[in-house]
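Quick caveat, the model's predicted, so the values are computed rather than measured. Chain identifiers are assigned alphabetically (A, B, ...) following the order of the sequence lines, protein sequences preceding nucleic acid strands; residue numbering begins at 1 within each chain.
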Amino acid sequence: MVVDFFRGVYAIVAQVPPGKVITYGQIASFIGQPRAARQVGWAMWDAPPELNLPCHRVVNQAGAMSPPHIFGGEGRQRAMLEAEGVVFKANGCIDMARHKLKGLPDTKLHSIEQ
DNA sequence: CATTTGACTTTGA
DNA sequence: TTCAAAGCCAAAT
């Protein structure tokens with residue numbers, strides 16, 4: 001089986017270090033479905049708060065963040081990212097070249113794969 | 001079972 | 001990095 005898509009998303013996001021951000025596409029790629037970036041967002045919606053997933057560290061490729069109604073406020077996500085040490089550009093987008101995660105800190109994804 | 005929807009990506013300019 | 005258009009995948013209706 002392709003493993004629970006959502007399960008993989010949770011595992012990836014949970015391993016994202018503070019002060020760093022990851023794109024939906026990268027998450028999907030780690031799972032094995034580089035085209036299922038949209039479903040990553042769906043998984044986030046279905047993501048239980050018990051996991052304490054740092055959804056604010058998950059952004060799109062352009063460095064733009066999710067709609068405000070997700071975090072219950074306009075500019076809410078930006079505040080959390082700034083608190084983590086993330087640098088924002090004047091336009092309001094994240095400095096991807098500086099914070100875009102290249103690889104996961106732990107390769108424990110071996111369990112969720114396959 | 002067919003259609004719509006969406007926390008997106010990629011390519012090109 | 002930003003704007004525009006087309007494409008993809010899974011869940012909801």
Nucleotide C:dC3, atom P - distance to CG of A:N60 in whole Å: 12 Å
First of A:Q39 and A:D46 reached from the 5' end of DNA chain C, by closest nucleotide: A:Q39
Distance in angstrom units between A:L53 CG and B:dA7 P, rounded: 17 Å
Any strand: nucleotide that pairs with B:dA7 via Watson-Crick or wobble, under 3.5 Å: none
Out of C:dT1, B:dG6, B:dT9, whichever nucleotide has its closest atom nearest the side chain of A:A37: B:dT9
Nucleotide C:dA11, atom C1' - distance to CZ of A:R7 in whole Å: 20 Å
A:M96 side chain reached by A:T23 side chain, heavy atoms, under 4.5 Å: yes
Between P of B:dC8 and CD of A:Q26, the distance in whole Å: 16 Å
Gap between atoms CE and P, on A:M96 and B:dC8 respectively (whole Å): 13 Å
Closest nucleotide among B:dC8, C:dC9, B:dA7 to the A:W45 side chain: B:dA7
Inter-residue atom distance A:Y24.OH - A:Q61.CD, 0.5 Å rounding: 12.0 Å
Closest heavy-atom pair and its distance - A:F88, A:M65: CE2-CE, 3.2 Å
Gap between atoms CD1 and C1', on A:I31 and C:dC9 respectively (whole Å): 12 Å
A:Q61 side-chain N/O to B:dT10 phosphate OP1/OP2 under 4.0 Å: yes
Touch class at under 4.0 angstrom, heavy-atom based, for A:M65 against every strand present: nothing
Nucleotide of C:dT1, B:dA7, C:dA11 approaching A:W42 most closely (side-chain heavy atoms): C:dA11
From B:dT9, C:dA10, C:dT1, nucleotide with atom closest to A:T23 side chain: B:dT9
Closest to side chain of A:M44, choosing from C:dT1, B:dA7, B:dC8: B:dA7
Atom pair distance, as rounded to whole Å: CE in A:M80 and P in B:dA7: 17 Å
Rounded distance (Å) that lies between atom P of B:dA7 and atom CZ of A:F71: 12 Å
Linked, directly or transitively: A:I31 and A:L101 (ILVMFWY side chains, under 4.5 Å): yes
A:R76 and A:H56: CA distance, side-chain angles, deciding distance, side chain to side chain contact (heavy atoms under 4.5 Å, CB included) verdict: CA-CA 9 Å; A:R76 188 87 193 76; A:H56 57 271; over 6 Å; no
Minimum-distance nucleotide to A:S66 side chain [options: B:dA7, B:dC8, C:dA10]: B:dA7
For A:F5 against A:Q33, the heavy-atom pair lying closest together: CE1-CB, 3.7 Å
Nucleotide nearest A:C93 (side chain, heavy atoms from C-beta), chosen from C:dA10, C:dT2, B:dA7: C:dT2
Listed nucleotide nearest any side-chain atom of A:R38, set B:dA7, C:dT1, C:dG7: C:dG7
Nucleotide nearest A:I70 (side chain, heavy atoms from C-beta), chosen from C:dT1, B:dA7, B:dC8: B:dA7
Residue A:Q33, side-chain atoms from C-beta onward, closest of C:dT1, C:dA10, B:dA7: C:dA10
